[in-house]
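Note sheet for the following structure.
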Amino acid sequence: LGNALQPHHIKTIESTGSVVGSAIIEVGSSGKTIVAGYYNRELLTYPPNVHANDLPLESLKNGNDIFIGRFGHHGEFENLNVFGGNGSDLVYDIHPYGNGYILGGITQSTQDSIPKVTYPSDGAWMAPNGSGKRDMLILQTTTSGAITNGFLMGTSGHDLLYSVDVDVTGLVHVAGYIGSSLQLNSN
């Protein structure tokens, strides 16, 4: 493997709380990467075109928000997308899908907050009402990481999605934990 294991570019995403990068994938064969994860409090690291005052502070209220960042082939931060509400929103996995990616994780909606794309502010997709305490979440993105669609699945309990995969026919498979009866509600 030689130099393949030696890091050439190390970049960090920082916040006033914590940041967990939980999934990474190369954009085609470009050398660019999509990094997905979650943070709480307030992000401190932004791409050059993003200003701190533009970012939502939903995660200050409770829990975590999901970030999807695209990095150039030299490690430069190119793009940022944020998804969340005032509950805990986490992402664990990413996989190529169509002309973009699918991400798998969990979301927690409450009476006061339905998770949605919070940055950029013109993000169009908002999660439907959840089925229980925590629901499985699938987000669909473009190659830049912009969220274009999504899907919730869950029972009345705590449901967790840890892994997504796509077979050769385009069918999405998920692995996780069902916290209640097996009668699933999907939105």
If only atom types and distance count, is the side chain of N81 paired as donor or acceptor with the main-chain N or O of G145 below 3.5 Å? yes
Determine whether a donor-acceptor pair (N or O, by modelled atom type, separation under 3.5 Å) exists between the side chain of T155 and the backbone of G157. yes
Reported CG-to-CE distance for the pair L161 and M153, which is rounded to 0.5 angstrom: 6.5 Å
Pick from I106, N64, V82: which one makes a side chain to side chain contact (heavy atoms under 4.5 Å, CB included) with Y38? N64
Just how far is it from atom OH of Y101 to atom CD of Q140, taken to the nearest 0.5 Å? 12.5 Å
Given the rule in the side chain to side chain contact (heavy atoms under 4.5 Å, CB included) test, do D65 and Y39 qualify, once you have shown the distances and angles that lead to the verdict? CA-CA 6 Å; D65 285 343; Y39 70 96; 3.8 Å; yes
Less than 4.5 Å apart, any side-chain heavy atom of F83 and any of L137? yes
Report yes if the side chains of V166 and P96 come closer than 4.5 Å at any heavy-atom pair, otherwise no. no
Find out if a path of hydrophobic residues (ILVMFWY) with successive side-chain heavy-atom gaps under 4.5 Å connects V20 to L80. no
Rounding to 0.5 Å, atoms CZ (R70) and OG1 (T142) come to a distance of 7.5 Å
Single-linkage hydrophobic cluster, 4.5 Å side-chain cutoff, L160 and F151 together: no
With the side chain counted from C-beta on, respond yes when D167 and H173 share a heavy-atom pair under 4.5 Å apart, and no when they do not. yes
T141 side chain to G100 backbone, donor-acceptor under 3.5 Å: no
Beyond-backbone contact of I102 with V172, side-chain heavy atoms, under 4.5 angstrom: yes
Using atom types as modelled and distance alone, determine if a side-chain donor or acceptor of S88 lies under 3.5 Å from a backbone N or O of Q108. no
Determine whether V91 and L139 satisfy the following criterion, side chain to side chain contact (heavy atoms under 4.5 Å, CB included), listing intermediate values before the conclusion. CA-CA 9 Å; V91 66; L139 295 173; 5.8 Å; no
Testing D93, I94, T33 for side chain to side chain contact (heavy atoms under 4.5 Å, CB included) with I25, which one passes? I94
For the hydrophobic clusters of this structure (ILVMFWY residues joined by side-chain heavy atoms under 4.5 Å, transitively), does one cluster hold both Y162 and Y97? no
For the backbone of L152 and the side chain of D135, can you confirm whether one donor and one acceptor N or O come within less than 3.5 Å of each other? no
Hey, quick one: are Y92 and M136 part of the same hydrophobic cluster, counting side-chain heavy atoms closer than 4.5 Å, chains of contacts allowed? no
Tell me the closest heavy-atom pair linking G37 and S22, and the distance in Å. CA-OG, 3.6 Å
Return the CD1 to CD1 distance between I147 and I66, rounded to the nearest 0.5 Å. 7.0 Å
Is V164 reachable from Y177 through a run of hydrophobic residues whose side-chain heavy atoms are each under 4.5 Å from the next? no
Just wondering, do D159 and R134 contact through their side chains at under 4.5 Å, heavy atoms? no
Does the side chain of D89 pick up a donor-acceptor pair with the side chain of T107 at under 3.5 Å? yes
